[in-house]
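Some notes on the structure that comes next.
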There are 2 protein chains.
Amino acid sequence: MSLLSNAKTIKIKPVREIVYEQLRQAIVGGELEPGTRFTDGEIASEFNISRTPVREAIQKLEAEGLIERVPMRGNVVKGLLPKDVAQIFALRKALECLAVKYVAMNATEKELKNVRHILDQAKTYMTTLQGEALTDAYVPLVARYNKEMFEASHAPKIVDLIWNHREMLDRYRVVRVVIAKRMDESYRTREQMYSYFVSRSPEEASALWGNHIDKSYKIWLEVTGYSDQIGKHDYM
Amino acid sequence: MSLLSNAKTIKIKPVREIVYEQLRQAIVGGELEPGTRFTDGEIASEFNISRTPVREAIQKLEAEGLIERVPMRGNVVKGLLPKDVAQIFALRKALECLAVKYVAMNATEKELKNVRHILDQAKTYMTTLQGEALTDAYVPLVARYNKEMFEASHAPKIVDLIWNHREMLDRYRVVRVVIAKRMDESYRTREQMYSYFVSRSPEEASALWGNHIDKSYKIWLEVTGYSDQIGKHDYM
DNA sequence: AAGTGGTCTAGACCACTGT
DNA sequence: CAGTGGTCTAGACCACTTC
């Protein structure tokens with residue numbers, strides 16, 4: 001009840017959306033570990049709601065591949081094998097390289113200015129802050145940069161796919177580690193990307209971004225120590 | 001009622017699935033033209049079922065981007081602008097080029113044999129049939145080839161995305177036209193692809209397939225006459 | 001045979017529309 | 001302030017599992 005009335009004061013947010021977001025957060029945040037089983041009924045009584053909106057939320061999660069509906073056994077949180085992560089990285093590379101080509105060709109002057117502004121702010125941080133404080137300030141800025149950049153592609157379907165697959169990797173919370181390790185390079189890469197956008201050079205932008213993702217993947221391999229569990233043909 | 005009992009004799013196919021498939025077919029088949037509006041209730045009484053399964057079907061269609069739920073106006077069949085089609089072609093190129101790299105590296109001997117077998121059959125048709133009869137025999141064979149090929153990538157998530165986006169283009173029923181126009185080239189391309197698979201040459205396979213999709217796109221442009229409505233930056 | 005999980009129905013309720 | 005559309009509830013029912 002408290003949850004329901006809460007939702008209504010915050011304003012018309014369908015219950016299924018709340019359930020969906022909560023469950024999703026629990027899964028990608030690592031609270032619900034892979035293999036965990038639950039039924040529609042359990043969730044329903046946990047939230048004190050009926051099963052219909054829960055079903056709808058769960059169907060959405062299933063469509064996204066976060067859970068699996070096993071006949072007569074309930075819903076199972078799907079895990080990502082190292083091999084899956086490698087393939088998702090490869091997919092991200094394909095999608096994001098395409099998207100940045102669109103950015104180089106389609107971004108408006110206004111959008112480019114936005115990106116420029118974020119870079120300027122990053123530069124300020126780089127010269128005035130250090131250590132943890134710098135990381136804390138820089139990480140969200142990178143998130144903003146990425147968001148603005150991809151949206152400037154004017155290819156919404158592709159951008160949706162990109163966010164979807166980026167979020168799948170959130171489970172491994174490796175983003176922060178990767179950025180912290182290479183903050184300087186991260187900044188220089190994005191400056192260079194910006195200059196390719198300004199000069200309307202799609203191929204160069206794509207190549208640079210592909211390189212960037214290759215490096216992120218390598219760092220992920222190092223950090224997680226999965227190198228030996230992954231075939232050399234899982235990332236392309 | 002007749003529909004329900006029918007479904008039950010055919011064996012446990014959830015009603016929402018039936019509704020989903022029927023609606024989807026109606027949309028991609030062109031029966032329901034873009035802009036058509038309908039409500040959950042209408043569909044429910046048309047099928048003589050309650051609204052819950054209809055809602056579930058419609059949510060799935062919405063997630064796929066085939067319809068749009070407009071507040072207080074019902075569900076609207078979304079149309080694809082020429083620009084959207086161009087971007088879907090570009091997306092297909094990115095996804096499929098990645099997938100064929102995986103095929104070249106991951107396909108098992110057995111899978112390669114399957115593909116070989118399909119090619120042999122195609123060759124037979126090419127030498128024994130002509131005109132419409134040849135097209136009728138060849139088109140489904142190409143579909144089988146593609147299916148077997150992509151599945152041999154052992155990258156199920158990527159393959160799902162590919163089918164999803166290929167189906168979006170079914171609305172324009174251009175596949176048959178494209179194939180008929182270039183049956184010979186289509187066959188030779190697939191033979192060449194096969195040889196790259198056998199020699200485990202991912203980059204070559206990817207490049208050839210990319211070229212293949214470029215050509216399909218060009219033919220689509222010609223056939224539909226949309227060339228002038230599409231910016232040169234919508235396909236990359 | 002009892003129990004659990006999955007699906008569908010019927011209907012209530014509320015928010016927003018248009019007069 | 002009636003009407004329509006969208007969402008949720010409660011509960012029935014059936015299929016499959018397990019004992």
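Heavy-atom basis, side chains included; hydrogens, waters and symmetry copies ignored. Please read all numbers here as calculations on a predicted model, not as lab measurements.
- In this structure Tyr138(A) satisfies the ring-ring contact (aromatic ring centres under 6.0 Å, His included) test with no other residue, sequence neighbours excluded.
- Side-chain atoms of His154(B) and Glu111(B) include a donor-acceptor pair closer than 3.5 Å.
- Gly74(B) comes within contact range of the sugar-phosphate backbone alone, with a heavy-atom separation under 4.0 Å but no base atom that close.
- Here dT9(C) presents its P atom at 12 Å from CZ of Phe47(B), a figure rounded to the nearest Å.
- Distance CZ (Arg16(A)) to P (dT9(D)): 12 Å, rounded to an integer number of Å.
- For the pair Glu17(A) CD and dC8(D) C1', the interatomic distance rounds to 14 Å; values are reported in whole Å.
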Quick test: give all pairs of protein nitrogen or oxygen and nucleotides 17-19 of chain D nitrogen or oxygen below 3.5 Å, distance rounded to 0.1 Å.
| unit_1 | atom_1 | unit_2 | atom_2 | d |
| --- | --- | --- | --- | --- |
| dT18(D) | OP1 | Arg73(A) | NH2 | 2.8 |

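- Look at CD on Glu68(A): it is 13 Å from P on dG6(C), rounded to the nearest Å.
- Residues Val77(B) and Phe38(B) have side chains in contact (heavy-atom distance under 4.5 Å, counting atoms from C-beta outward).
- Rounded to a whole Å, the CG atom of Asn75(B) is 6 Å from the P atom of dG6(D).
- Put simply, CG on Asn48(B) is 13 Å from C1' on dT9(C), counting in whole angstrom units.
- Relative orientation of the Phe89(A) and Trp220(A) rings is tilted, given thresholds of 30° and 60° on the angle between their planes.
- The pair Lys60(A)-Glu56(A) does not count as a salt bridge, with every side-chain nitrogen at least 4.0 angstrom from each carboxylate oxygen.
- Under 4.0 Å is where a charged nitrogen must lie from a carboxylate oxygen, and between Asp120(B) and Lys113(B) no such pair does.
- The two residues Tyr194(A) and Tyr145(A) come nearest to each other via the heavy atoms N-OH, 3.9 Å.
- Here Arg69(A) contributes atom CZ and Thr39(A) contributes atom OG1; the two are 10.0 Å apart, rounded to the nearest 0.5 Å.
- When all heavy atoms of Asp40(B) and Val54(B) are compared, the pair lying nearest together is O-CG1, 3.7 Å.
- Within residues 51-61 of chain A, the residues having any heavy atom closer than 4.0 Å to DNA chain D are, in order of number, Arg51(A), Thr52(A), Pro53(A).
- Rounded to a whole Å, the CD1 atom of Ile67(A) is 13 Å from the C1' atom of dG6(C).
- Ile18(B) places its CD1 atom 12 Å from the C1' atom of dT7(C), with the value rounded to the nearest Å.
- Remark on DNA chain D: of its neighbouring residues Thr39(B) and Ser50(A), the 5'-side contact belongs to Thr39(B), judged by nearest-heavy-atom nucleotide.
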